[in-house]
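Just below is one structure, and these are the notes that go with it.
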Amino acid sequence: MSMKQYLVDIIGKSLQQFDLEEEPEIQIEDPRQPEHGDASSNIAMTLARPLKNNPRAIAQQIVDGLEYDEKKVSAVEIAGPGFINFRYSEEYLFDELSEILKTGAEFGKSDSHQGKRILVEFVSANPTGPLTVGHGRNAVLGDTVARLFEWTGADVEREYYFNDAGRQMRVLGESVRARYLELLGKDSEFPEGGYEGEYIRDIAQSLADDKGEELVDAEDEKPFKEKAEEEIFADISGTLERMKIKMDSFFNERSLYEDGKIEETIEKLRAKGLVYDEDGAVWFKTTEFGKEKDTVLVKSSGEPTYRLPDIAYHANKLDRGFDLCVDVFGADHIATYPDVLNGIKSLDYDPEKVDVVVYQFVTLVKDGKPFKMSTRKANFVTLDELMDEVGADVTRFFFLMRSPNTHLEFDIGQAKEAGEKNPVFYLQYAHARISSILRKVEEEYDFPEDVDLSLLTHPSEIALLKTMLKFPETIGNAARLREPHHVITFLNELASAFTTFYHDCRILGEEKELVQARTELAKAVAQVLRNGLGILGITAPEQM
RNA sequence: GCGCCCGUAGCUCAACUGGAUAGAGCAACGCCCUUCUAAGGCGUAGGUUACAGGUUCGACUCCUGUCGGGCGUACCA
């Protein structure tokens, strides 16, 4: 049982002395100031109103009725307006340190999503060009949220959804055809709104190499489109792999048509009276759900809008038995979400099982000015280019360090000169330092089996230990909120606490028993750093 | 016009569910390498949390309004 759960339990027991109509929720928080103890509860303040008494008096009554294990809690104090502050006993802290070492690579895992099957759908870019830094935030966020779910016990599947049948891909095929003809010196007309990127020429070139003039009189853009899709997908897969992202499945929108799911979706909605025909188009009565206008599902041309397959796709996900389906997408797609929810709800699925992680746009800054990206116009910086410059670790870190809900400013110049001022190195450096020390300890010492951890008495040692203990809760919060940046904030705190310890306390050259105790402490820190960086998909180097 | 998101130190951003004295990094200034990695440390400076009200014992956090920015509001994806 976690310490916080223990505190909730003992406070709950003490509260039985009051005649409360309903059981209050007992909150335990981490005080910002060390003088305020290791854990704190505001319960007395929240009870002031129902009990019609002042908070400090209530706090006193709660503390008087509190029965606690002195092996866990060394002191309980009332402070400020009525906070009850707890201090952890050293015995508890040392037991926990042993626990971290024993649990090792598993330390930080929890069971809040135990037994749940979760599908995380992300990236989902149509194969019209290489992945850009614009896609990077989606890719890294989705993968890391998936990792967080895994750390909280879920069985996770990562899925990439794409559509190679739409207009985008036709234009892509036409663009390749034009470049192909151009290469062979034939007449060609570059399509309006075509893809202008250099990679189109590369694809055309490889077609010309393989097929010569065979395709000059091709009936349509199909062979060009297929070649483009193949090459671009190979490129995207390579980029994902470089970023340590491994998809479990690729889902093509087309299969929804082939299975008749699109038709089925419409018919089911029609049977419920939520779909009607007008002006040659098929409409979804979204006004029923409070929207201002109804929404077109099938255009008068007979082509569905993207909302229809979106609804059918989510129904398909739920048919596959997932307990939770999480979509990751940028703020520009937020408008589709209510339609999808209303759609699946109307099809009698539980909308609670669909959740979305929305992130704000990445603003690219180039030469000190904002820079609009467009795949079509070939204004972009690819993820591969970025990784060539700064590597995969920095790339992942960069996209994860900020809350998904805030605009992320990406300054290309700054990223390139990232070098030593990049914050990811601070974390890796702490790990490398510990590794180096551990190698030396290994060479120079031979320890007995028993360790006396109670030799760890320096404030920096205790502070470091306490910081490590927050790790499991941090992971739990990050998973619950789908916000990986909390892990980074924690790791920064941990690395900083270690660095303070490193400067205050030596390991090598002290009394042998102390060397041993501090070695155990350092091993634990390295372990927690590895676990945390592992969740972020960032390496923990042994030397730098 | 309407809807969603955002506005915190010079810059980029934190602040868990409403908690106690709003924190980091970068930039600036001053120190610290014969000692386990200086990709580091210590110190100084920097704030009316956009603005105005409200709710609360307590507001960066919740509510209302104003201003500023982003996105959406298609028979585009």
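Letters go in sequence order (proteins before strands), and every chain restarts at 1.
With both ends at atom P, the span from C51(B) to C32(B) equals 41 Å, rounded to whole Å. Remark: the separation of the C1' atoms in A59(B) and G53(B) is 14 Å, to the nearest Å. With P as the reference atom, C62(B) and A15(B) are 13 Å apart, rounded to whole Å. Nucleotides U64(B) and A24(B), compared at atom P, are 34 Å apart to the nearest Å. Here the separation of A39(B) from G25(B), taken at their C1' atoms, is 14 Å to the nearest Å. Taking atom P in both G19(B) and G1(B), one finds a spacing of 35 Å when rounded to whole Å. Taking the C1' atoms as reference points, A14(B) lies 25 Å from U56(B), given to the whole Å. For the P atom pair drawn from C31(B) and C13(B), the interatomic distance equals 33 Å after rounding to whole Å.
For the pair N53(A) CG and C57(B) P, the computed distance is 15 Å after rounding to whole Å. In this structure, I334(A) atom CD1 and C2(B) atom P are separated by 20 Å, rounded to whole Å. The distance from atom CG of L400(A) to atom P of C13(B) is 15 Å, rounded to the nearest whole Å. In this structure, CG of L297(A) is placed 12 Å from P of C75(B), rounded to the nearest angstrom. Residue N405(A) contributes atom CG, which lies 5 Å from atom P of C6(B) at whole-angstrom precision. Atoms CD (Q428(A)) and P (G40(B)) sit 12 Å apart, rounded to a whole Å. Put simply, OH on Y502(A) is 11 Å from P on G41(B), counting in whole angstrom units. For the pair R402(A) CZ and C5(B) C1', the interatomic distance rounds to 18 Å; values are reported in whole Å.
The listed nucleotides are U17(B), C36(B), A14(B); the one nearest the side chain of E25(A) is U17(B). Proximity note for R506(A) (side chain, C-beta onward) versus U35(B), A14(B), C57(B): the nearest is U35(B). Here the side chain of H36(A) is nearest to one of C57(B), A20(B), A77(B), namely A20(B). For D332(A), counting side-chain heavy atoms from C-beta on, the closest listed nucleotide (U17(B), G72(B), A22(B)) is G72(B). Considering only the side chain of M45(A), G19(B) comes nearest among G19(B), A14(B), U37(B). Minimum atom distance to the side chain of A79(A) is reached by A20(B), of the listed A20(B), C75(B), G41(B). In this structure, the nucleotide among C76(B), G19(B), G40(B) sitting nearest to the side chain of R433(A) is G40(B). The nucleotide whose nearest atom lies closest to any side-chain atom of E292(A) is, among U37(B), C76(B), C2(B), C2(B). For R167(A), the side-chain atoms get nearest to C76(B) when compared with the rest of U21(B), U17(B), C76(B). Checking A20(B), U37(B), C75(B) against the side-chain heavy atoms of S40(A) singles out A20(B) as nearest.
Side-chain contact annotation: D164(A) with N252(A), donor-acceptor N/O pair under 3.5 Å present. Side-chain atoms of T152(A) and S110(A) include no donor-acceptor pair closer than 3.5 Å.
Between F251(A) and Y160(A), the gap from one ring centroid to the other reaches at least 6.0 Å. Remark: aromatic rings of F122(A) and F329(A) are distant, center separation not under 6.0 Å.
In a base pair of the Watson-Crick type (N1 to N3 plus N6-O4 or O6-N4) or a G-U wobble (N1-O2 and O6-N3), with each distance short of 3.5 Å, G58(B) is matched with no nucleotide. Base pairing of G43(B) is made with C29(B), judged by Watson-Crick or G-U wobble geometry with both donor-acceptor distances under 3.5 Å. Of the nucleotides present, none pairs with C36(B) by Watson-Crick or G-U wobble criteria with both distances under 3.5 Å. Pairing of U21(B), defined by two Watson-Crick or G-U wobble distances under 3.5 Å, is not identified with any nucleotide. When both pairing distances are held under 3.5 Å, G3(B) makes a Watson-Crick or G-U pair with C71(B).
R270(A) forms no cation-pi arrangement with Y276(A), by the criterion of a distance under 6.0 Å to the ring centre and an angle within 45° of the ring axis.
Nucleic acid contact for N85(A): base, since at least one base atom lies under 4.0 Å from a heavy atom of the residue. Within the nucleic acid shown, R480(A) comes within 4.0 Å of sugar-phosphate atoms alone, with no base atom in reach, counting heavy atoms only. Residue contacts for A331(A): at a heavy-atom cut-off of 4.0 Å it reaches the sugar-phosphate backbone alone, with no base atom in range. Among the heavy atoms of the strands, none lies under 4.0 Å from F361(A). Among the atoms of the strands shown, only primed sugar atoms or phosphate atoms (P, OP1, OP2) are found under 4.0 Å from some heavy atom of A335(A). Among the heavy atoms of the strands, none lies under 4.0 Å from E473(A). S436(A) comes within contact range of at least one nucleobase, with a heavy-atom separation under 4.0 Å. Contact annotation for N54(A): no contact, since no heavy-atom pair falls under 4.0 Å across all strands.
In this structure, H407(A) does not pack face-to-face on the six-membered ring of G70(B), missing the 5.5 Å centre cutoff or the 30° plane limit. A stacked arrangement is not assigned to F83(A) and the six-membered base ring of G19(B), the conditions of a centre distance below 5.5 Å and an interplanar angle below 30° not being jointly met.
Regarding contacts with the backbone of U37(B), a side-chain N or O of K440(A) is found under 4.0 angstrom from either OP1 or OP2. Distances shown here put a side-chain N or O of H485(A) below 4.0 Å from the OP1 or OP2 atom of A15(B). Applying the 4.0 Å criterion to OP1 and OP2 of G3(B), one finds that K291(A) has every side-chain N and O outside that range. Look at Y426(A) and you won't find any side-chain N or O under 4.0 angstrom from OP1 or OP2 of U37(B).
Checking side-chain atoms of K377(A) against main-chain N and O of G197(A) turns up no donor-acceptor pair under 3.5 Å. A donor-acceptor contact shorter than 3.5 Å links the side chain of S41(A) to the backbone of I43(A). A donor-acceptor pair under 3.5 Å is formed between the side chain of S175(A) and the backbone N or O of Y195(A).
Between the base of C75(B) and the side chain of S301(A) there is no donor-acceptor pair shorter than 3.5 Å. Taking only distance into account, the side chain of Y429(A) never meets the base of A39(B) through a donor-acceptor pair shorter than 3.5 Å. Judged by distance alone with a 3.5 Å cut-off, a donor-acceptor contact links the side chain of Q27(A) to the base of U17(B). Below the 3.5 angstrom threshold, one finds no donor paired with an acceptor across the side chain of D30(A) and the base of A15(B). Looking at T489(A), its side chain has no donor and acceptor atom pair within 3.5 Å of the base of A15(B).
Heavy-atom distances to RNA chain B give each of Y306(A) and C505(A) a nearest nucleotide, and the one nearer the 5′ end belongs to C505(A).
Counting non-hydrogen atoms of other residues, nucleotides and ligands closer than 6.0 Å to CZ of R167(A) gives a total of 12 or fewer.
The glycosidic torsion of C26(B) lies more than 90° away from 0, which places this base in the anti conformation.
Checked options K470(A), R87(A), K466(A); the residue passing with D38(A) is K466(A) (criterion: salt bridge (Lys or Arg N to Asp or Glu O under 4.0 Å)).
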